[in-house]
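Before any comments, here is the structure.
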Amino acid sequence: MELFQTYPLLWILLAALVGLLIGSFVNLLVWRLPQMMQNDWADEVLRFQGQEPPARDMFNLFLPRSHCPSCKTSLGASELVPVLSFLWLKARCRHCQARVSWRYPLVELAVAAWWAWSAAQGGVSTSALAWAGFGTVLLALAFIDADTMLLPDVLTQPLIWSGLILSALGLTGLSLSDSLWGAVAGYLSLWLVHAVFKMITGKQGMGEGDFKLLAALGAWLGWMALPVLLLIASLLGVMVALFMRWRGSLQAGEPLPFGPYLVFAGLLCAMADLHSGLIYF
Ligand SMILES: [Zn+2]
């Protein structure tokens with residue numbers, strides 16, 4: 001540890017490398033978690049109807065082993081190196097030449113950058129690790145929401161609790177009461193928007209996952225951050241929606257996930273030195 005205190009750059013580099021590996025896991029999570037949830041729901045519906053769910057091959061975060069989605073060949077160690085494998089194999093599967101999405105290395109790099117930033121800001125500390133974890137879960141949520149319009153409870157709920165607990169332990173730089181009111185205000189503000197929208201239009205404008213995600217952001221960033229955060233997320237969402245309408249890739253009335261914008265704004269607020277109070281009000 002002393003070594004890292006003497007050479008902070010070494011610490012940042014280590015964080016970036018760990019971030020790359022974690023990013024690789026985030027790719028797995030983004031791909032598999034929604035499928036696991038959908039399998040569970042399908043089984044649940046059948047059981048509710050009094051039927052036995054069909055036998056299914058084991059499917060969880062660890063099984064089956066990572067494989068090419070096109071040819072199903074299991075990937076070897078040399079094909080699982082974050083970013084480098086992608087570059088080395090020129091974005092193609094070694095076995096069937098199917099294209100590999102550029103999103104995989106992008107997610108790995110984004111998580112690595114976030115880990116490096118946390119290490120640079122927090123130094124050798126528990127709170128640096130906490131912020132690294134915060135960003136990692138948020139990035140996973142953003143991509144899952146973008147893909148499937150889901151914000152899984154197994155990710156949003158622990159993020160709320162961990163924000164509150166870490167604030168109580170003095171690791172987020174927030175008082176417990178700022179953190180607690182952040183969670184409450186985060187949840188209620190979007191719930192209110194949702195309730196009013198539903199009353200006026202009779203339509204579902206937002207999912208419950210969004211309320212929990214903003215509650216988590218409130219728990220980690222404090223209630224003070226919420227007005228700016230919501231403003232950034234909404235403006236960004238509106239801009240992207242207008243751009244997509246203009247390009248013709250979004251139909252009128254077609255829903256857009258709000259999670260990615262909340263995540264982007266949340267990360268931005270975390271970066272803008274959350275506790276200086278400069279950017280709020
Ligand atoms: Zn293949």
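Treat the numbers as computed from the prediction; the structure is a model and nothing was measured.
Applying the salt bridge (charged side-chain N to carboxylate O under 4.0 Å, His left out) definition to pairs two or more places apart or across chains, those involving residues 212-240 are D153-K212. Applying the salt bridge (charged side-chain N to carboxylate O under 4.0 Å, His left out) rule to pairs touching residues 100-114 yields R103-D147, sequence neighbours excluded. Residue pairs that meet the side-chain hydrogen bond (donor to acceptor under 3.5 Å, both in side chains) test with at least one member in residues 79-90, sequence neighbours left out, are E79-H95. Sequence neighbours left out, not one pair with a member in residues 183-194 passes salt bridge (charged side-chain N to carboxylate O under 4.0 Å, His left out).
S179 and G163 get closest at one heavy-atom pair: OG-O, 3.6 Å. Residues S125 and W11 share a closest heavy-atom pair of N-CZ2, 4.5 Å. Taking every heavy atom of both residues into account, L151 and G259 meet most closely at CD1-CA, 4.4 Å. Closest of all the heavy-atom pairs between Y261 and P257 is CE1-O, 3.2 Å. Taking all atoms of both residues into account, the shortest heavy-atom contact from F134 to W114 is CD2-CZ2, 4.3 Å. Between P105 and V83, the shortest heavy-atom contact is O-CG2, 4.0 Å.
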* To do: Would you please test L29 and L155 for side chain to side chain contact (heavy atoms under 4.5 Å, CB included) and show each step?
  => CA-CA 10 Å; L29 198 69; L155 296 180; 4.2 Å; yes

* Asked: Does the pair S189 and L214 meet the rule for a side chain to side chain contact (heavy atoms under 4.5 Å, CB included), with working shown?
  -> CA-CA 9 Å; S189 56; L214 193 61; 3.6 Å; yes

* **Step-by-step side chain to side chain contact (heavy atoms under 4.5 Å, CB included) determination, C93 to C71** => CA-CA 9 Å; C93 167; C71 68; 3.9 Å; yes

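For L63, the side chain to side chain contact (heavy atoms under 4.5 Å, CB included) test picks out M58, N60, with sequence neighbours left out. Annotation: salt bridge (charged side-chain N to carboxylate O under 4.0 Å, His left out) contacts of R94 (sequence neighbours excluded): none. Residues satisfying the side chain to side chain contact (heavy atoms under 4.5 Å, CB included) test with V193, not counting sequence neighbours, are M206. Annotation: side chain to side chain contact (heavy atoms under 4.5 Å, CB included) contacts of Q97 (sequence neighbours excluded): R92. Listed by chain and residue number, L226 satisfy the side chain to side chain contact (heavy atoms under 4.5 Å, CB included) test with A185 (two or more places apart in sequence, or in another chain).
Counting only N and O atoms by type, the side chains of W115 and T136 include a donor and acceptor under 3.5 Å apart.
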Throw together a table of side-chain donor-acceptor distances under 3.5 angstrom for residues 43-51, partners on residues two or more places apart or in other chains.
{"unit_1": "D43", "atom_1": "OD1", "unit_2": "R56", "atom_2": "NH1", "d": "3.1"}
{"unit_1": "D43", "atom_1": "OD1", "unit_2": "R56", "atom_2": "NH2", "d": "3.3"}
{"unit_1": "D43", "atom_1": "OD2", "unit_2": "R56", "atom_2": "NH1", "d": "3.2"}

Exercise answer: donor-acceptor pairs, residues 262-272 side-chain atoms, under 3.5 Å, sequence neighbours excluded:
none

Throw together a table of side-chain donor-acceptor distances under 3.5 angstrom for residues 229-245, partners on residues two or more places apart or in other chains.
{"unit_1": "S234", "atom_1": "OG", "unit_2": "L230", "atom_2": "O", "d": "2.6"}
{"unit_1": "R245", "atom_1": "NE", "unit_2": "L250", "atom_2": "O", "d": "3.3"}

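More than 12 heavy-atom neighbours from other residues, nucleotides or ligands sit within 6.0 angstrom of CH2 on W41.
Residues C96 and C68 have side chains in contact (heavy-atom distance under 4.5 Å, counting atoms from C-beta outward). Counting heavy atoms from C-beta outward, R32 and P64 have side chains that approach closer than 4.5 Å. A heavy-atom distance below 4.5 Å is found between the side chains of D145 and D210. Between L21 and P82, some side-chain heavy-atom pair lies under the 4.5 Å cut-off. I144 has its side chain within reach of P152: a pair of non-hydrogen atoms, C-beta onward, lies under 4.5 Å apart.
Residues L217 and F143 share a single hydrophobic cluster, defined by chaining ILVMFWY side chains whose heavy atoms lie under 4.5 Å apart. One hydrophobic cluster, built from ILVMFWY side chains closer than 4.5 Å, holds both W220 and V154. Linking Ile, Leu, Val, Met, Phe, Trp and Tyr whenever their side-chain heavy atoms come within less than 4.5 Å puts I165 and L138 in one cluster. At a threshold of 4.5 Å between side-chain heavy atoms, the hydrophobic network of Ile, Leu, Val, Met, Phe, Trp and Tyr places F25 and M37 in one connected group. There is a path of hydrophobic side-chain contacts, each under 4.5 Å, that joins V137 to L221.
Ring to ring, W131 and W117 are not that close: their centroids are 6.0 angstrom or more apart.
The distance from atom CG of L75 to atom NE2 of H67, rounded to the nearest 0.5 Å, is 8.5 Å. Atom CG of L180 sits about 11.5 Å away from atom CD1 of I160, to the nearest 0.5 Å. Summarising the geometry, atom CG belonging to L150 is positioned 10.5 Å from atom CG belonging to L141; distances are rounded to the nearest 0.5 Å. Interatomic distance, CZ of F59 versus CG of D40, reported as 11.0 Å (0.5 Å rounding). Taking CG of L169 as the reference point, atom OG of S162 lies at 11.0 Å (rounded to 0.5 Å). Atom CG in L89 sits 10.5 Å away from atom CG in L84 (nearest 0.5 Å).
Of the candidates V26, N27, L28, V30 forms a side-chain contact (heavy atoms from CB on, under 4.5 Å) with just one, namely V26.
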